[in-house]
Structures are given as structure tokens and as C-alpha cells.
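What follows is a set of notes on a single structure, which appears directly below.
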2 protein chains.
Amino acid sequence: MRPILLAMASLLPVAMAGAQTAAPAGAQMKVTPAGSQPSARGPAQYFSGNVRIDPLFAAPAPSTAAGAAVTFEPGARSAWHTHPAGQVLIVTAGVGRVQQWGGAVQTIRPGDVVWTPPGVKHWHGAAPSTAMTHFAIQESAGGKNVEWLEKVSDAQYADEPK
Amino acid sequence: MRPILLAMASLLPVAMAGAQTAAPAGAQMKVTPAGSQPSARGPAQYFSGNVRIDPLFAAPAPSTAAGAAVTFEPGARSAWHTHPAGQVLIVTAGVGRVQQWGGAVQTIRPGDVVWTPPGVKHWHGAAPSTAMTHFAIQESAGGKNVEWLEKVSDAQYADEPK
């Protein structure tokens, strides 16, 4: 992460705008209403337990950013995986867990933000007895935004958070 | 927006991972706990009314993506502005409004997602009597992620949503 002051500077540049950026002719704002994008189930190949994926957005090229809300029922978690361009998680409900390969299990709660750098092997999911929802936002590198690896075993999942 | 099925494909590629993407040595997941990033006030130069900005993330280079939660008290709104690389809004609470220059005012509610293409002049804010919070995610182009323009006048804000 860049320091937050820099992030704020990025969000709110001090200079007032001079020339307006030209919009492509006919470019339109698009409101995608809640309820218009069907929920999907997290495939058993990549997730343990019940996981629901609610699509949010996929920005048009040249952006490769895409986002979804992901809800893990108690005990559910992703397989181990990496993100070629990294990933941001923003926890919105419940209590969850994340772990980097070789690191301690960490508890995550609403408002927590998780940055996983490109290529770092990790998993995320719910606490054993509490569901968790996060927004997940990732960009692509080489046309991919995730590389799936092996499942998180019950023994691995049973590790106590630090 | 790309079609949602494509978005889902992007989130969940069918192919199982072959080689794991190499992580830079020492790369670490980073959990930024809720409450560790101070709230900021939306500057009066760029906003009308009371606006609070809660920073969420600023992804490291080569990404230029940054995100914040923005809360508009009733009647508060941004100035007219454009985003050089576009912007995604995800409404998380309350009832708000968005308008593209020359278009109708639209009402937005929790779960709604708004895509504003690069260079499209627009504003967003709360409803006159109801607050609104959205996550805002934008990338940069040419080192900028926003170009600020004139304030939204009371007369402009008073337009009835379609």
C-alpha cells in the first residue's frame, strides 16, 4: 500500500481542473441496479463449503479491474491461490480469516482491508462458526486474475488465528 | 461494462493453475484494520455540504487503483467532475443521486453499481433528505484520477430524478 496521505492526494488533487478530459462521443454513465446481476455459487473445485459470489463490476478496457461481493458461510473458504496482479479485499460483514502460505492465520472484520501482492499464495474465508462477506477487487496480468492451487485442508483451516 | 458472464469468467477462470506465479521475495499480505485510517472531510472547493471520505486502499504500482468510502449527508454532493480513467461507485447505504451532464438525475440505492466512463462530466451525492454512502474506485490516467469542474448549483440539484 502507498501511504494513506498519498492515497488521499491521489483521490483529491489540489489543482483545479483546466481543460476537461474529452469523453468519447456518446459515452454514458451506466447504473446497474441491485438485483439485476444473478448470484453464483463458488465452484466446488475452488472453494470448500458454501460460497456465494455476487458480481459487482467489470470495468471496460483498458482497465482490467473487476469486483464482486463474496459471502462465505461458516467454515467455508477459498482454495489456496495467487493473483497475478494482486487483490484488494474489503470486509463488509461477519468475521473471517486470511492466511499467507507459511504465515499465521489472521482474523478479519468489517472495515478491514486486505492487500495481497501479486504471486503471494494465500486463502480467505469465513470463521468456523461465523459467516463473512468481502468485496474482492482484482486486476489482470497476462489475461488472468487468479491462479488456483490446492484446497485448504481441514487441518490447515483448524490453525488458531494469531 | 462487460457482460456479467464475462466478468464471472474473469473472476473464475476454468483452467486450474499450472505454475504458480512467482511472488517477489518477502512479499507479504497486509491487513489494514478498520479504524486505522483517519476520516477526512471532503474539501469545500470540490463538494457542497458535509461529505466524509474514509480511505480504503491505494494499490501499489503498477496498479493505479485507489478506493475510498464517501458519505454524503442529506443534500450534499460533489462538484461536476470527470475521471480520466473512469470510476466505479458501489452504493452501500442510504439513497443518492447521480447525473451526467445533459442527462436526467437518477436515484441510486444500496447495491447499485455506477460506471462513469473516462471524460464523462457528472456529479454524485445524497438525496435532499437522505444521506448516501458509496465506495468509489478509480484508476489514474496521466497521473490523475479526477478533474474537478464547477459546483452543482442548487437549481441543478433541485431537478427531479427521472
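Every chain is numbered from 1 and lettered A, B, ... according to where its sequence line falls, protein lines coming before strand lines.
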### Query
Is it the backbone or the side chain of A/Ile137 that comes under 4.5 Å from a heavy atom of chain B, or both, or neither?
side chain
### Task
Please look at A/Pro110 and chain B and tell me whether the side chain, the backbone, both or neither of the residue comes under 4.5 angstrom of a heavy atom of that chain.
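Only the backbone of A/Pro110 comes within 4.5 Å of chain B.
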[X] [atom1] to [Y] [atom2] distance, which is reported to the nearest 0.5 Å:
X        : Y        : atom1 : atom2 : value
A/Thr32  : B/Ile90  : OG1   : CD1   : 10.5 Å
B/Trp115 : A/Phe57  : CH2   : CZ    : 9.0 Å
A/Met29  : B/Ile108 : CE    : CD1   : 7.5 Å

### Query
Measuring heavy-atom distances to chain A, does B/Ala27 have an atom under 4.5 Å in its side chain, in its backbone, in both, or in neither?
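Contact with chain A: backbone and side chain both.
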### Message
Could you work out, with side-chain contact (heavy atoms from CB on, under 4.5 Å) as the rule, every residue matching B/Ser153, not counting sequence neighbours?
### Response
B/Ala155, B/Gln156
#### Entry: Greatest number of heavy atom pairs closer than 4.5 Å to chain A - which of B/Gly86, B/Gly143, B/Ala85, B/Pro117
B/Pro117
### Query
Taking only heavy atoms into account, what residues of residues 95-104 of chain B are found under 4.5 Å from chain A?
B/Val98, B/Gln99, B/Gln100
